[in-house]
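To keep things clear, I will list the structure first and then write my remarks on it.
All residue numbers refer to positions in the sequence shown, counting from 1. Predicted, not measured: the structure shown is a model, and the values here were computed from it.
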Amino acid sequence: MVIRLDESSFGCEQDGVGAVAAALTAAGMTSEAAADQAQLLVALLEGALVLCRAGGSIDPCERAARAALSTVSDE
């Protein structure tokens, strides 16, 4: 599954979640599953960004990206 978003999709957190949910729905997920998965993915990536800034490393973002890909590919 390939989900394409651009930076205009992320004006605020809820816009980002909605954009991801819409892309997941378009890829074949039910609306409810897509909304849940979108919230999980955005929260995962936002948390990773905080850890990257706090630790001065990109490792949390790399781990979060791998985790995000595995959760979406499992669906």
Side-chain angles (χ1 to χ4, degrees):
M1 173 183 325
V2 175
I3 300 170
R4 302 214 187 272
L5 301 170
D6 62 36
E7 35 195 63
S8 67
S9 302
F10 295 93
C12 72
E13 178 187 343
Q14 290 307 313
D15 290 340
V17 172
V20 174
L24 291 171
T25 301
M29 277 190 174
T30 66
S31 295
E32 186 173 341
D36 291 347
Q37 189 74 21
Q39 186 67 64
L40 172 70
L41 292 170
V42 171
L44 172 73
L45 296 173
E46 287 178 345
L49 289 172
V50 170
L51 294 172
C52 286
R53 289 192 53 112
S57 168
I58 64 167
D59 289 341
C61 280
E62 291 176 343
R63 289 176 188 268
R66 285 193 301 272
L69 289 172
S70 72
T71 64
V72 172
S73 65
D74 289 343
E75 295 299 319

Subject >> Atom pair CG/CG of L45 and L49 - distance to nearest 0.5 Å >> reply: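 It comes to 7.0 Å.
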
Original post:
How would you list, by chain and number, every residue that makes a side-chain hydrogen bond (donor to acceptor under 3.5 Å, both in side chains) with D59, sequence neighbours excluded?
Top reply: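 Partners of D59 by the side-chain hydrogen bond (donor to acceptor under 3.5 Å, both in side chains) criterion, ordered by chain and then number, come out as S57.
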
Subject >> side-chain contact (heavy atoms from CB on, under 4.5 Å) involving L44 - partner list, sequence neighbours excluded >> reply: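 side-chain contact (heavy atoms from CB on, under 4.5 Å) check on L44 returns A64, A67, A68.
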
Original post:
Can you list the residues that meet the side-chain contact (heavy atoms from CB on, under 4.5 Å) rule with A38, with sequence neighbours excluded?
Top reply: V17, V20, A21, L24

